[in-house]
Amino acid sequence: MLKHTVETKNTELLNSIYYPSDLRKLSVEQLPQVCDELRQTIVEELSVNPGHLASSLGVVELTVALHYVYDTPEDRIVWDVGHQAYGHKLLTGRREQFHTNRKLHGIRPFPSPEESPYDAFICGHASNSISAALGMAVANSQLSALNSQPSHKVVAVIGDGAMSGGLAFEGLNNVSSSPNDMLIVLNDNDMSIDRSVGGMKQYLLGLSTNETYNKLRFKAARFLQRHGMLHDDRRKGLIRLGNALKSAISHQQNIFDGMNIRYFGPFNGHDVKELVRILRQIKEMKGPKLLHLHTKKGHGYAPSEHYTPVWHAPGKFDPETGKLIKSSSDGQPPKYQDVFGHTLLELARENSKIVGVTPAMPTGCSMNIMMAEMPDRAFDVGIAEGHAVTFSAGMAKDGLLPFCNIYSAFSQRAYDNIIHDVSILRLNVVICLDRAGLVGEDGPTHHGAFDMAALRPIPNLTIASPMDEHELRRLMYTAQQDNMGPFVIRYPRGRGRLVNWHCPLEAVEVGTGRKLHDGTDIAVLSIGPIGNDVEEAISQLSALNSQLSIAHYDMRFLKPLDEQIMHEVGQKFSRIITVEDGSRAGGLGSAVLEWLADYGYSTKVMRLGLPDNFVEHGSVAELRSIVGLDVDTIRETIIAQAGTSKRRG
């Protein structure tokens with residue numbers, strides 16, 4: 001049982017709320033106190049059990065107001081990105097378990113219907129809330145008519161950062177043309193993880209609507225509705241007329257009104273009583289609606305308001321002073337992302353064609369290092385992974401050399417772009433997949449499990465993974481050579497293994513691996529940093545005076561495979577073990593099996609990798625032990641397979 005180490009104080013009202021039905025028993029006048037207690041609980045809990053702090057603090061009032069006005073879970077609240085849902089969890093039956101958040105076997109890092117009926121949809125990635133909520137609204141409408149059941153309300157909560165994603169625009173377009181009564185709450189805080197960017201940000205900054213006009217329009221609509229004069233066609237016509245009059249008077253074009261989505265706002269998102277009033281007013285309105293709220297990420301906790309990128313997920317901290325509690329990094333290797341960032345700048349200084357592209361993760365992937373020195377050559381395109389890849393392809397087509405850095409799990413959203421816009425034309429785009437492999441506490445929506453298996457079948461791609469920081473630098477240098485074509489480099493989250501990470505930049509021959517140990521009993525083929533765990537397992541066997549003779553090859557390239565190594569192991573060994581920090585189905589092990597079959601080798605292959613299921617959340621060490629990618633399992637697998645090889649020999 002996970003121990004609860006925090007005692008929150010002064011939470012008299014919150015302690016009486018187990019579910020939203022308890023919240024609704026309170027008066028509106030008590031809600032500000034509930035918000036204060038909820039915010040205090042989030043701060044105190046996350047100070048010892050790190051998670052996503054600032055986003056959840058910014059929507060405390062909105063969370064309380066939504067659960068107060070809407071009859072959840074019958075009414076659906078669809079959150080966009082679970083970063084902001086901690087208050088929601090605390091109000092929906094998980095307050096006593098909240099200290100287990102993001103821990104192994106604890107409550108999940110992001111909302112999931114598999115955990116709670118109050119979690120209407122999964123939301124680990126951005127921009128999907130509008131589409132999912134619209135689907136629920138349409139399903140509710142059709143099933144209510146079919147079964148004569150009472151209908152429920154559907155609300156999508158999306159941030160201005162997530163609104164920059166293409167899927168959000170696709171959803172908006174369909175909302176305007178599909179009959180529905182859903183509400184979209186636009187939580188506008190001018191932030192995603194870093195500052196929001198792009199035209200939508202600028203548009204929202206300048207968007208304002210007269211509140212008196214909204215009140216008059218609402219009263220008129222209610223009057224017409226009560227007298228039976230506001231059927232659907234007439235309502236749409238009146239909306240168009242109202243939009244035209246408003247535009248003529250204010251000379252302001254509103255993209256949402258223009259799509260026949262009634263717009264309300266912007267309003268202060270931190271006034272909970274006003275939010276309740278507004279939500280009650282628009283709850284029963286027919287047709288799609290959008291409520292625009294201005295909020296501040298980290299609101300109510302001064303340290304998190306000061307520099308929100310740090311407080312997005314700050315780690316442990318002193319809740320009284322806001323001082324971050326950091327373990328010393330002196331003498332420790334750097335993070336892979338920082339090696340990437342410094343190496344990219346180093347390459348860009350020498351190669352004027354190099355540009356950087358990131359979809360809303362300049363700090364996370366360390367492209368901010370290049371941005372600081374070369375702001376005109378590094379581009380944050382917002383939460384738009386597909387666009388990031390195609391934008392890079394366009395630059396490559398006309399002579400630039402883009403390094404497009406995307407978190408591995410988010411690159412799934414750019415799969416078609418990689419195929420259609422990069423690979424077919426053999427464009428020299430360097431796709432750097434950060435956070436490849438198991439990422440830990442963020443769980444299945446964030447594990448970089450599928451990149452190798454997904455990308456391996458695509459023609460014209462080169463796919464590589466470095467075993468350490470020196471190899472990362474060499475692969476980055478290799479990828480920017482002339483006529484390399486599409487080049488994928490995957491590397492993990494967290495620290496590497498080399499304190500002296502800075503090495504000379506030199507090219508690696510594409511499609512070549514390295515023999516790290518020669519041997520005669522069994523061969524282990526690994527790719528990426530997991531090879532260091534293989535080395536540790538072999539070292540432990542040597543220390544145990546094992547008589548096993550183990551060959552170890554760092555394949556380095558998934559595509560193309562090193563054919564010289566493959567022929568060597570096919571001819572020399574009756575058994576091979578492949579080790580990869582990615583999906584076992586379709587990854588390195590599958591590639592090795594296919595190659596051996598194609599060339600007529602009968603070598604037996606034991607594959608170690610991520611299983612054919614979604615891996616839960618927990619520390620990377622815990623998860624590797626569970627899936628059998630820890631040093632102990634690798635060592636025991638070598639012993640077992642080598643023993644089988646000797647017996648059959």
Side-chain angles (χ1 to χ4, degrees), residues 6 8 35-66 79-91 98-99 101-102 108-111 123-127 129 157-164 185-197 201 204 268-272 275 293-326 360-365 368 380 382-383 407 441-443 445-446:
V6 173
T8 53
C35 293
D36 290 343
E37 294 178 10
L38 194 60
R39 184 170 277 112
Q40 173 191 329
T41 300
I42 293 172
V43 169
E44 291 181 353
E45 289 283 3
L46 267 64
S47 70
V48 296
N49 181 25
H52 298 104
L53 178 71
S55 299
S56 286
L57 294 183
V59 294
V60 163
E61 287 79 12
L62 173 59
T63 302
V64 170
L66 285 170
W79 297 94
D80 202 297
V81 189
H83 296 158
Q84 57 190 335
Y86 288 174
H88 161 79
K89 290 187 179 190
L90 288 164
L91 294 175
F98 189 65
H99 65 284
N101 186 45
R102 304 178 81 242
R108 302 183 183 214
F110 301 102
C123 52
H125 295 189
S127 310
S129 61
V157 182
I158 186 169
D160 57 313
M163 190 66 90
S164 69
V185 178
L186 175 55
N187 173 35
D188 179 7
N189 60 21
D190 194 29
M191 294 289 293
S192 49
I193 294 178
D194 289 278
R195 285 284 175 190
S196 294
V197 297
K201 168 198 170 183
L204 293 176
N268 176 10
H270 296 303
D271 185 338
V272 66
L275 286 178
L293 302 178
H294 279 158
T295 63
K296 184 173 181 60
K297 195 172 181 181
H299 178 76
Y301 184 58
S304 65
E305 291 183 15
H306 178 65
Y307 188 48
T308 48
V310 167
W311 286 89
H312 171 73
K316 293 184 178 181
F317 61 95
D318 184 330
E320 298 295 328
T321 65
K323 182 179 179 180
L324 300 180
I325 302 173
K326 297 289 187 182
M361 296 294 179
T363 302
C365 76
N368 58 340
D380 178 358
I383 302 177
Y407 288 8
E441 291 82 358
D442 283 340
T445 60
H446 283 58

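Position 1 is the first residue of the sequence; numbering continues from there.
Considering CG of N189 and NZ of K297, their distance stands at 6.5 Å, rounded to 0.5 Å. The NE2 atom of H299 lies 5.0 Å from the CZ atom of R39; values are rounded to the nearest 0.5 Å. Expressed to the nearest 0.5 Å, how far CD of Q40 lies from CD of E45 amounts to 10.5 Å. L46 contributes atom CG, which lies 10.5 Å from atom OH of Y301 (distance to the nearest 0.5 angstrom). Put simply, OG1 on T63 and CG on L57 are 10.5 Å apart, with the number rounded to the nearest 0.5 Å.
Of all non-hydrogen atoms in G51 and P314, the two that sit nearest each other are O-CD, 3.7 Å. C35 approaches V60 most closely through the heavy-atom pair O-CG1, 3.5 Å. Residues P303 and G322 approach most closely at CG-CA, 3.8 Å, considering heavy atoms. What you find for G87 and I42 is that their closest heavy atoms are N-CD1, 3.9 Å. A pairwise comparison of heavy atoms in W79 and C123 identifies O-CB, 3.1 Å as the closest pair. Q84 approaches N187 most closely through the heavy-atom pair OE1-ND2, 3.6 Å.
Sorted pairs that involve residues 304-316 and meet salt bridge (charged side-chain N to carboxylate O under 4.0 Å, His left out), not counting sequence neighbours, are lacking altogether.
When the ring pair (Phe, Tyr, Trp, His ring centres under 6.0 Å) test is applied to F110, the partners found at least two apart in sequence or on another chain are H52, H83, H446. Taking N268 as the reference, H270, D271 meet the side-chain contact (heavy atoms from CB on, under 4.5 Å) condition, with sequence neighbours excluded. S129 is linked by a side-chain hydrogen bond (donor to acceptor under 3.5 Å, both in side chains) to D80, counting only residues two or more places apart in sequence or in another chain. Partners of V310 by side-chain contact (heavy atoms from CB on, under 4.5 Å), not counting sequence neighbours, listed by chain and number: Y307, L324. Residues passing the side-chain hydrogen bond (donor to acceptor under 3.5 Å, both in side chains) test with W311, sequence neighbours excluded: none. N101 pairs by the side-chain hydrogen bond (donor to acceptor under 3.5 Å, both in side chains) definition with Y86, K89, not counting sequence neighbours. Evaluation of the side-chain hydrogen bond (donor to acceptor under 3.5 Å, both in side chains) rule for N368 yields no partner, not counting sequence neighbours.
Judged by distance alone, the side chain of D188 and the main-chain N or O of L293 form no donor-acceptor pair under 3.5 Å. Without hydrogens or angle criteria, S164 side chain to I383 main chain gives a donor-acceptor distance under 3.5 Å. Panel note: side chain S127, backbone A162; a donor-acceptor pair is recorded below 3.5 Å.
For the pair T41 and L90, the minimum side-chain heavy-atom distance is below 4.5 Å.
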Begin with the C-alpha distance, continue with both residues' side-chain angles, and end with the deciding distance and a verdict on side-chain contact (heavy atoms from CB on, under 4.5 Å) for V59 and V157. CA-CA 10 Å; V59 294; V157 182; 5.6 Å; no

Walk me through it: do L53 and F317 pass the test side-chain contact (heavy atoms from CB on, under 4.5 Å)? CA-CA 11 Å; L53 178 71; F317 61 95; 4.0 Å; yes

